[in-house]
**Q** 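My questions will all concern the structure given below.
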Amino acid sequence: MYLFNPSIKTIKPYVAGKPIEELGRELGLKESAIIKLASNENPLGPSPKAVAAINKQLDKLNRYPDSNYFLLRSKLSEKLKLDIEQIVLGNGSDELIDCIIKTFSSPNDEILSSESTFLEYEIITKVNNRLFKTAKLKDFRYSLQTIAQAVTDKTKIIFIANPNNPTGTYVNVKEVLSFLNQIPKNIIVVFDEAYNEFIDCADFPNSLSYLKDYNIIALRTFSKIFGLAGLRIGFAVTRQEFAKEMNKVRQPFNVNSLASAAAYAALDDLGFVKRSQKLIWEEKKFLYENLKKLEIKFVPSVANFILIDVKTNSQSFFTTMLKKGIIVRPMDAYGLDNFIRLTIGTHNENVRFINELRKLN
Ligand SMILES: *Cc1c(COP(=O)(O)O)cnc(C)c1O
């Protein structure tokens, strides 16, 4: 007797970055002795303006949130120069992935993405009894050409993590336009842009400019640049008629009132955004230089993390680093057996990682 939804049988549970508290318990280490460079979190902490906004909101916790999230959605629409009706909020962009799958596909439809990408696409697809198909990566990059060739009559949604997590690579304007022009119009293309504010290249596509002419959705999040991963808030930007249907599918109070107040305030915290960008861009250079000195191969990244070839089993490298109080992310679950993903940390954190790496080399 099998009591469960058969399509969850093949799901490998999502293994998140190891929490600092957990490693502290296991090794009897003080939390202050541990550094976590495993979940692409902001090493500067949360946006201070967001924290202040949460404090102001606390005595209103007896009230339900505004289920239309008018204030936050209107501020987002002003910033993005789009209509408020084009914005849908989610409990993290993770929740919006589920909402998109439920809104635009039925059981047994196909959902297409790449191999070695964000694992939630596959998990949420299977939980919803849809079929997950992948195209091969080329040189650690999404191959939009291969994805286009994998489209069938049953394909309903294509997820493109841009930049890709865990490789840090991106698809450019030219590739995206040619892709959008060749796939059938009945397919929704989702650009998951969790690292949008860290992009440091000139030919990165502005997905919002395609909204008029193509059936696309852009996903953004407050988890990374604004340092609010613990609050769980993200948003989708899409065509008005799509947002309307997604709003039927999401739970009415899917975003809590602290998260929406914090996100509202964070949008004005331009100083924090600038500091975060400056840190990541400077430290990325520092890490690149030191990895090169150690003759360790890595994949150049436009995000706040770097995929590193550790030339050994990723789990054993992970365990070795844990013993030094450093949490990185092993990449075997992503089909990248000899790789780890390193989140760019503060300068001191990065120095500590490089020093340990040098000892191993
Ligand atoms: C971090 C990340 C997200 C963010 O998810 P939230 O649920 O908003 O925290 C989404 N997609 C990708 C590819 C990511 O790396």
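Remember, predicted model here, so these are calculated numbers, not experimental data. Basis for what follows: all heavy atoms, side chains included, without hydrogens, waters or symmetry-related copies. Position 1 is the first residue of the sequence, and the numbers go up from there. Ligands are counted one by one from 1 in listed order, and the atoms in each one are counted from 1 as well.
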**Q** Run through F353, F339, F317 and flag the one making a side chain to side chain contact (heavy atoms under 4.5 Å, CB included) with I308.
**A** F353
**Q** According to side-chain contact (heavy atoms from CB on, under 4.5 Å), who are the partners of V299, at least two apart in sequence or on a separate chain?
**A** F140, T169, L307
**Q** Would you please write out the protein residues whose heavy atoms approach any atom of ligand 1 to under 4.0 angstrom, listed by chain and number?
**A** G92, S93, D94, F118, N165, D192, A194, Y195, T221, S223, K224, R232
**Q** Could you walk me through whether E122 and K126 pass salt bridge (charged side-chain N to carboxylate O under 4.0 Å, His left out), step by step?
**A** CA-CA 6 Å; E122 175 168 7; K126 287 181 171 171; 2.8 Å; yes
**Q** Connecting only ILVMFWY residues whose side-chain heavy atoms lie within less than 4.5 Å of each other, what is the rest of V15's hydrophobic cluster?
**A** none
**Q** Applying salt bridge (Lys or Arg N to Asp or Glu O under 4.0 Å), can you list everything that pairs with D268, at least two apart in sequence or on another chain?
**A** K75, K79
**Q** Determine the minimum heavy-atom distance between S39 and G17, stating which atoms define it.
**A** OG-CA, 3.5 Å
